[in-house]
Amino acid sequence: MFERPRGTNDWGPEDMAKRRFVESRFVQLAESFGFREVSTPTFESLELFTAKSGPGIVRELYAFKDQGGRDIALRPEFTAPILRFYVSDLRSRPKPIKVYTTGNVYRYEEPQKGRYREFFQLNAEIIGGATLPSDAEVLALAIGTMRAIGLKQVKARIGNIGVLRSFLPFEPADQAVVLHSLDKRNFPMLDAELARLGRKDFAEPLRKVIGLAGGVEILAQAAKLLGGAGKEGLDYLQQLAGLLAAYGVAASDYEFDMGVVRGLDYYTAMVFEIDSPNLGAEKQVGGGGAYSLAEVFGGERVAQTGFALGLDRLVMAADAEGTTEAARALDAYVIPIGEGARTKAIDVLRSLRAAGLGADIDLVGRGPSKNLDYANAIGARYAVLLGERELKSGRATIRDMASGAQREIAIADLVDAVQGRSG
Ligand code: HAM
């Protein structure tokens with residue numbers, strides 16, 4: 001017996017149906033927003049992920065040398081791969097470029113419920129739009145996806161990391177450490193860093209600012225605490241609220257939260273996270289914001305914004321709120337009675353399948369009553385029984401598995417009967 005690697009999941013048919021349901025709602029909505037699908041490799045050169053974040057990120061990655069001695073990493077997310085793709089191939093296209101992708105990503109994390117080493121993301125990016133309308137569009141898609149899945153409990157927290165950045169007049173590396181300690185709410189580390197940088201006086205306003213969450217009124221409170229720094233970023237959030245209202249995003253769907261700092265280093269301005277409050281510890285189902293990576297990868301300066309939703313967590317949320325659709329039931333299970341009936345039964349099976357119905361056939365050679373048990377167990381809507389005697393007269397027996405009602409009909413009428421078009 002082999003065990004699955006730690007932090008990975010198997011997806012059985014019922015779970016997979018839920019996952020496809022959630023994913024398809026995202027895909028439909030993204031397409032309706034004018035996003036187009038792209039796909040990038042599962043592994044990339046390690047440097048793609050260390051370029052912005054530094055070598056420290058490696059311990060959070062699945063990184064290894066391939067047989068040619070190249071440093072490789074399994075993708076921990078989609079933003080860096082998509083921006084690499086943009087810089088190398090997509091940048092001559094008309095802007096803005098709006099793309100989405102779905103797939104598995106890998107992070108070397110301590111696994112627990114809702115936190116895995118292999119998980120799935122639904123990801124969208126806008127490259128080259130104006131900042132404000134693009135940020136609003138991205139938020140509308142992210143929050144809209146949650147609604148399209150049927151989730152009622154949605155809470156987006158929107159902040160602006162540019163506000164904190166403009167308050168912290170440090171070298172990028174020092175700024176990153178301070179922001180990281182704020183993201184983790186690691187105050188001893190924050191104090192130590194600020195002491196090292198000779199700005200112990202920043203500790204109090206920073207702690208207070210990241211504690212601010214609520215409606216537009218908190219923006220003025222933040223401005224006051226920061227002594228005027230970050231005013232532009234705070235005004236920006238106010239304008240964003242206006243556009244979100246135009247998109248029909250309810251004020252109750254989000255709040256401003258100056259404590260949204262994000263774990264990834266590339267964010268520059270608006271940042272957000274979305275929670276599904278009933279998920280417990282790992283309740284964050286999505287995150288994103290405006291960032292700068294094209295420049296790091298050799299491209300020109302251009303506005304970039306996007307988000308990823310965690311598919312595993314969305315499925316858990318949809319399950320908890322009971323919004324997932326049941327897997328499509330098999331329409332008909334065909335039972336040849338006696339091997340002499342098999343060829344004709346396959347004929348019938350093919351005509352059902354050709355009509356777009358879900359149809360299956362006995363592959364074991366069981367007797368009729370065992371086969372009916374099986375049809376029942378797999379949840380087939382109808383069983384179609386074909387005996388040699390009935391076949392001679394061009395007829396079959398069709399049984400409604402829910403009611404047990406059974407009747408003989410002409411084989412020519414079978415498709416209509418299973419489709420529910422005849423009595
Ligand atoms: P992220 O916040 O690192 O952002 O990940 C997005 C979502 O992936 C999280 O909100 C969470 O639902 C899910 N997630 C993260 N780690 C795990 C895990 N170990 N197990 C299960 N689910 C997890 C990004 O990845 C950015 N690339 C988003 C983005 C796109 N920003 C701009 N564009």
Side-chain angles (χ1 to χ4, degrees), residues 6-9 11 19 22 26 30 35 38 40 44 48-49 52-53 57 60-62 74-86 97-127 129 131 134-135 137-139 141-143 145-146 149 151 154-159 161 180 183-184 260-277 279-294 296 303-318:
R6 207 163 125 70
T8 63
N9 290 299
W11 294 75
R19 192 172 109 195
V22 171
F26 165 72
F35 285 77
V38 294
T40 60
E44 296 273 358
L48 183 73
F49 304 110
K52 180 74 197 173
S53 304
I57 191 85
E60 292 168 37
L61 298 175
Y62 274 86
L74 299 184
R75 60 185 181 204
E77 55 121 28
F78 287 109
T79 310
I82 288 175
L83 269 288
R84 170 194 56 69
F85 184 30
Y86 162 75
I97 288 164
K98 299 171 74 175
V99 290
Y100 73 91
T101 194
T102 63
N104 41 359
V105 294
Y106 304 85
R107 296 185 190 176
Y108 200 78
E109 305 214 54
E110 212 31 62
Q112 63 179 69
K113 189 169 158 47
R115 189 196 298 166
Y116 309 112
R117 289 181 171 175
E118 180 186 48
F119 59 100
F120 296 80
Q121 283 189 338
L122 310 173
N123 187 98
E125 312 287 350
I126 301 180
I127 305 163
T131 310
S134 304
D135 279 347
E137 174 96 343
V138 148
L139 273 162
L141 177 61
I143 295 171
T145 299
M146 309 269 301
I149 296 164
L151 295 173
V154 175
K155 198 79 195 176
R157 291 175 284 110
I158 306 173
I161 203 169
H180 193 67
D183 178 41
K184 296 277 175 243
V260 180
V261 181
R262 307 284 294 132
L264 296 153
D265 290 321
Y266 46 61
Y267 294 101
T268 50
M270 187 282 291
V271 279
F272 68 98
E273 287 168 352
I274 306 181
D275 293 339
S276 179
L279 280 191
E282 300 301 321
K283 64 181 181 345
Q284 196 184 113
V285 291
Y291 57 92
S292 145
L293 267 180
V296 181
Q304 302 141 63
T305 185
F307 69 89
L309 295 170
L311 181 52
D312 311 66
R313 293 182 191 173
L314 278 182
V315 171
M316 289 166 68

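Start at 1 and go down the list; that is how both ligands and their atoms are numbered. What's counted below: heavy atoms across the whole structure, side chains too, no hydrogens, waters or symmetry copies.
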Review point. Between Glu109 and ligand 1, is there a nitrogen or oxygen pair with a distance under 3.5 Å?
Key: yes

Review point. Are any side-chain N or O atoms of Tyr291 and backbone N or O atoms of Gly289, one a donor and one an acceptor, separated by less than 3.5 Å?
Key: no

Exercise for review: Examine the proximity of ligand 1 to Leu264 and report which part, side chain or backbone, both or neither, has a heavy atom under 4.0 Å away.
Suggested key: side chain

Check your understanding: Counting heavy atoms only, which part of Val285 comes closer than 4.0 Å to ligand 1: side chain, backbone, both or neither?
Key -> backbone

Review point. Is the count of non-hydrogen atoms from other residues, nucleotides or ligands lying under 6.0 Å from Tyr62 atom OH greater than 12?
Key: yes

Check your understanding: To which protein heavy atom is atom 30 (C) of ligand 1 closest, and what is the distance rounded to 0.1 Å?
Key -> Thr79 OG1, 2.9 Å

**Study point:** Under 4.0 Å to a heavy atom of Ala308 - the qualifying atoms of ligand 1, by number
**Key:** 6 (C), 7 (C), 28 (C), 29 (C), 30 (C)

Revision key, fill the gap. So the atoms of ligand 1 within less than 4.0 Å of a heavy atom of Glu125 turn out to be 30 (C), 32 (C), 33 (N)

Review point. Just heavy atoms, cut-off under 4.0 Å: does Tyr108 contact ligand 1 by side chain, backbone, both, or neither?
Key: neither

Exercise for review: Could you tell me whether Lys52 sits above the aromatic face of Tyr266, with NZ or CZ closer than 6.0 angstrom to the six-membered ring centre and within 45 degrees of the axis?
Suggested key: no

Exercise for review: May I ask you to say whether Glu118 pairs ionically with Arg107, meaning some side-chain N is under 4.0 Å from a carboxylate O?
Suggested key: no

Exercise for review: Before accepting this row, confirm whether a basic side-chain N of the pair Lys113/Glu282 lies closer than 4.0 Å to the acidic partner's carboxylate O.
Suggested key: no

**Study point:** Check: Val99 and Phe35 side chains under 4.5 Å, non-hydrogen atoms
**Key:** no

Review point. Closest non-hydrogen protein atom to atom 20 (N) of ligand 1, residue and atom name please, with distance?
Key: Tyr116 N, 2.9 Å

Check your understanding: Which option, Gln304, Gln121, Glu118, owns the non-hydrogen atom nearest atom 5 (O) of ligand 1?
Key -> Gln121

**Study point:** Nitrogen or oxygen of Phe307 less than 3.5 angstrom from that of ligand 1
**Key:** yes

Revision key, fill the gap. Checking heavy atoms under 4.0 Å, the part of Asn123 that sits near ligand 1 is side chain

Check your understanding: Nearest protein heavy-atom contact for atom 21 (C) of ligand 1: which residue, which atom, what distance?
Key -> Gly114 O, 3.3 Å

Exercise for review: With heavy atoms under 4.0 Å as the rule, classify the contact between Tyr291 and ligand 1 as side chain, backbone, both or neither.
Suggested key: side chain

Point to revise | atom 12 (O) of ligand 1 [closest protein heavy-atom partner, distance rounded to 0.1 Å] | key: Gln284 O, 2.8 Å

Check your understanding: Asn104 side chain to Phe120 main-chain N or O, any donor-acceptor pair under 3.5 Å?
Key -> no

Exercise for review: For the pair Asp183 and Arg262, find out whether any cationic side-chain nitrogen is under 4.0 Å from an anionic carboxylate oxygen.
Suggested key: no

Practice item. Using a 4.0 Å heavy-atom threshold (strictly under), name the region of Glu282 that reaches ligand 1: side chain, backbone, both or neither. Key: neither

Review point. Which heavy atom of the protein is the closest neighbour of atom 31 (N) of ligand 1, given with residue, atom name and distance?
Key: Tyr267 OH, 2.6 Å

Practice item. Give a yes or no on whether a salt bridge exists between Arg75 and Glu44, defined as a side-chain N under 4.0 angstrom from a carboxylate O. Key: no

Exercise for review: Could you tell me which atoms of ligand 1, counted from 1 in the order shown, lie closer than 4.0 angstrom to a heavy atom of Gly306?
Suggested key: 30 (C), 31 (N), 32 (C), 33 (N)

Practice item. Considering only NZ, NE, NH1 and NH2 on the basic side and carboxylate oxygens on the acidic side, decide whether Glu110 and Arg6 come within less than 4.0 Å. Key: yes

Exercise for review: For Tyr266, take its heavy atoms, then give the atoms of ligand 1 lying under 4.0 Å from any of them.
Suggested key: 26 (C), 27 (N)

Check your understanding: Between Arg115 and ligand 1, which part of the residue brings a heavy atom under 4.0 Å of the ligand: side chain, backbone, both or neither?
Key -> both

Review point. Counting distance only, does the side-chain N/O of Glu125 pair as donor-acceptor with the main-chain N or O of Tyr100 below 3.5 Å?
Key: no

Check your understanding: Nearest protein heavy atom to atom 13 (C) of ligand 1, by residue and atom, and its distance?
Key -> Gly310 CA, 3.6 Å

Practice item. Please write down residue, atom name and distance for the protein heavy atom closest to atom 2 (O) of ligand 1. Key: Arg262 NH2, 2.9 Å

**Study point:** Ring centroid separation Tyr106 to Phe119 under 6.0 Å
**Key:** no

Exercise for review: Classify the angle between the aromatic ring planes of Phe272 and Phe307 as parallel (below 30°), tilted (30 to 60°) or perpendicular (above 60°).
Suggested key: tilted

Check your understanding: Are the charged groups of Arg117 and Glu109 less than 4.0 angstrom apart, N to O?
Key -> no

Check your understanding: Of the protein's non-hydrogen atoms, which lies at the shortest distance from atom 22 (N) of ligand 1, and what is that distance?
Key -> Phe119 CD1, 3.3 Å

Review point. Between Arg107 and ligand 1, which residue portion shows a heavy-atom distance shorter than 4.0 Å: side chain, backbone, both, or neither?
Key: side chain

Exercise for review: Check each atom of ligand 1 against the heavy atoms of Gly286 and keep those under 4.0 Å away; list them by number with element.
Suggested key: 10 (O), 12 (O)

**Study point:** Donor-acceptor contact present, side-chain Thr145 to main-chain Phe26, <3.5 Å
**Key:** no

Check your understanding: Looking at Gly288, which atoms of ligand 1 are within less than 4.0 Å of one of its heavy atoms?
Key -> 31 (N)

